[in-house]
Colleague: 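For reference, the structure I am asking about is given below.
Note on naming: letters A, B, ... go to the chains in the order of the sequence lines (proteins, then strands), and numbering restarts at 1 for each one.
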2 protein chains.
Amino acid sequence: MITKNTSAPAVDATLRAWGLRLTRQRRIILEVVHATDAHPTAAFVYRRVRRRLPRVSLATVYRNLRRLAAEGFLAERADPSGVRFDGNTAPHDHFTCVACGRIYDVPTRATRGVRARIAVRSGFEVLNHRVEFYGRCGACRRQGGRSPVKGQRRS
Amino acid sequence: MITKNTSAPAVDATLRAWGLRLTRQRRIILEVVHATDAHPTAAFVYRRVRRRLPRVSLATVYRNLRRLAAEGFLAERADPSGVRFDGNTAPHDHFTCVACGRIYDVPTRATRGVRARIAVRSGFEVLNHRVEFYGRCGACRRQGGRSPVKGQRRS
DNA sequence: TTTGTTGTTGATAATGATTACTAAAAATAC
DNA sequence: GTATTTTTAGTAATCATTATCAACAACAAA
């Protein structure tokens, strides 16, 4: 079982509604992103997809990641390390460990209510919000390392 | 009055403590960022600085923005439109209008307490956090425009 | 003041990520 | 089957950013 929560027929139907086809490349790109929780970069996805489709083009990976994100099959986010994709399109926050670089998903329970409060105070219409935490994860705290690791893979 | 909350002597002293000099270029770059609330990109800063120092190099602007941010005189943040700098180094959140592209500062009152809640729930050590809101600002709501504007200047 | 050391600059080349372009292949419609 | 549309692989082009380096400026020691 490679995909996590995307069934190919359902994806196919929705894609078709937008005039897109579920090609082999597109399906595998989607599967790769869904099969990892590493919040991968385009380059990471490219490397993984190439294991199964050695002749795939980097441009195809970019084109489809962009497209799939635009249609809502993936989430796309920019952070200091670059652009990353996320197969988890449900609302959630992120915790980035400054020691090991790992990005953890965090349930939104703790930040619930924030959006409504801002809307009231500012008079703006809030459509979306994003919370990013930075710190040291449990594993890195136990290892006791002090300073952020240099030269971590962007993966 | 060009600078907002950075007095040159104080900056000079702190820079010197790090072995950095407050050169003409460095001072003007700092002033330009502090003089706008537009959360400027490096290119924007370059254009502004060039008005006062026509022979300044783009590399000098990048070099100093990076450096000044590392020393804490500026804040640096990445968002979908690229890397931006912020003269306001006090804790605050951001609201990005998807219609006009403007980025507003938002006081952190509404998000207070969020960090502590996450720390307790996850067992991670939270050093920092960032909240970004997306929606339509007061001006754009009144104008009644529906969809996000294409091709807005990255300024 | 001269000399040495270190930090800084402007100019430009190099890099890395992303996008644009294009001819060929694949999928679908007729 | 043929025609039409979409997608692809391959590659060139673009854009932001960083690296390199020779010339220059600030400061310190002699």
Colleague: To the nearest 0.5 Å, what is the distance between CZ (Arg55(A)) and OG1 (Thr60(A))?
Modeller: 11.5 Å

Colleague: Classify every nucleotide of nucleotides 6-15 of chain C by which part a protein heavy atom approaches to under 4.0 Å, writing B for the base, S for the sugar-phosphate alone and - for neither, in 5'-to-3' order.
Modeller: BSSBBBB---

Colleague: Provide, to the nearest angstrom, the distance between the OH atom belonging to Tyr46(A) and the C1' atom belonging to dG16(C).
Modeller: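 After rounding, the reported distance stands at 15 Å.
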
Colleague: From CG of Leu68(A) over to C1' of dT8(D), roughly how many Å is that when rounded to an integer?
Modeller: 15 Å

Colleague: Flag the pair Asp79(B) and Arg77(B) as a salt bridge only when some basic side-chain nitrogen lies within less than 4.0 angstrom of an acidic carboxylate oxygen.
Modeller: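 Looking at Arg77(B) together with Asp79(B), the answer is yes, because their closest N to O distance falls below 4.0 Å.
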
Colleague: Just verifying a value: how many Å separate Cys140(A) SG and Glu125(B) CD, rounded to the nearest 0.5 Å?
Modeller: 10.5 Å

Colleague: In whole angstroms, how far is the C1' atom of dT17(D) from the CD atom of Glu76(B)?
Modeller: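 These atoms are roughly 11 Å apart.
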
Colleague: According to side chain to side chain donor-acceptor pair (under 3.5 Å), who are the partners of Tyr46(A), at least two apart in sequence or on a separate chain?
Modeller: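 Scan of Tyr46(A) (side chain to side chain donor-acceptor pair (under 3.5 Å), adjacent residues dropped) gives Arg50(A).
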
Colleague: What is the distance, to the nearest angstrom, from the CG atom on Leu65(B) to the C1' atom on dA16(D)?
Modeller: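 That distance rounds to 13 Å.
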
Colleague: Would you check if the distance from the ring center of Phe133(A) to the ring center of Phe124(B) is below 6.0 Å?
Modeller: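 Judged by ring-centre distance (under 6.0 Å), Phe133(A) and Phe124(B) do not meet the cut-off.
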
Colleague: Could you check how far CZ of Phe44(B) sits from C1' of dA16(D), rounded to whole Å?
Modeller: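 In whole Å, dA16(D) C1' and Phe44(B) CZ are 18 Å from each other.
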
Colleague: When you measure from the side-chain N and O atoms of Tyr62(A) to the phosphate of dT19(C), is any distance below 4.0 Å, counting only OP1 and OP2?
Modeller: no

Colleague: Would you please name every residue forming a salt bridge (charged side-chain N to carboxylate O under 4.0 Å, His left out) with Arg26(A), sequence neighbours left out?
Modeller: none

Colleague: Give a yes/no on whether any side-chain N or O of Arg66(A) is located under 4.0 angstrom from OP1 or OP2 of dT18(C).
Modeller: no

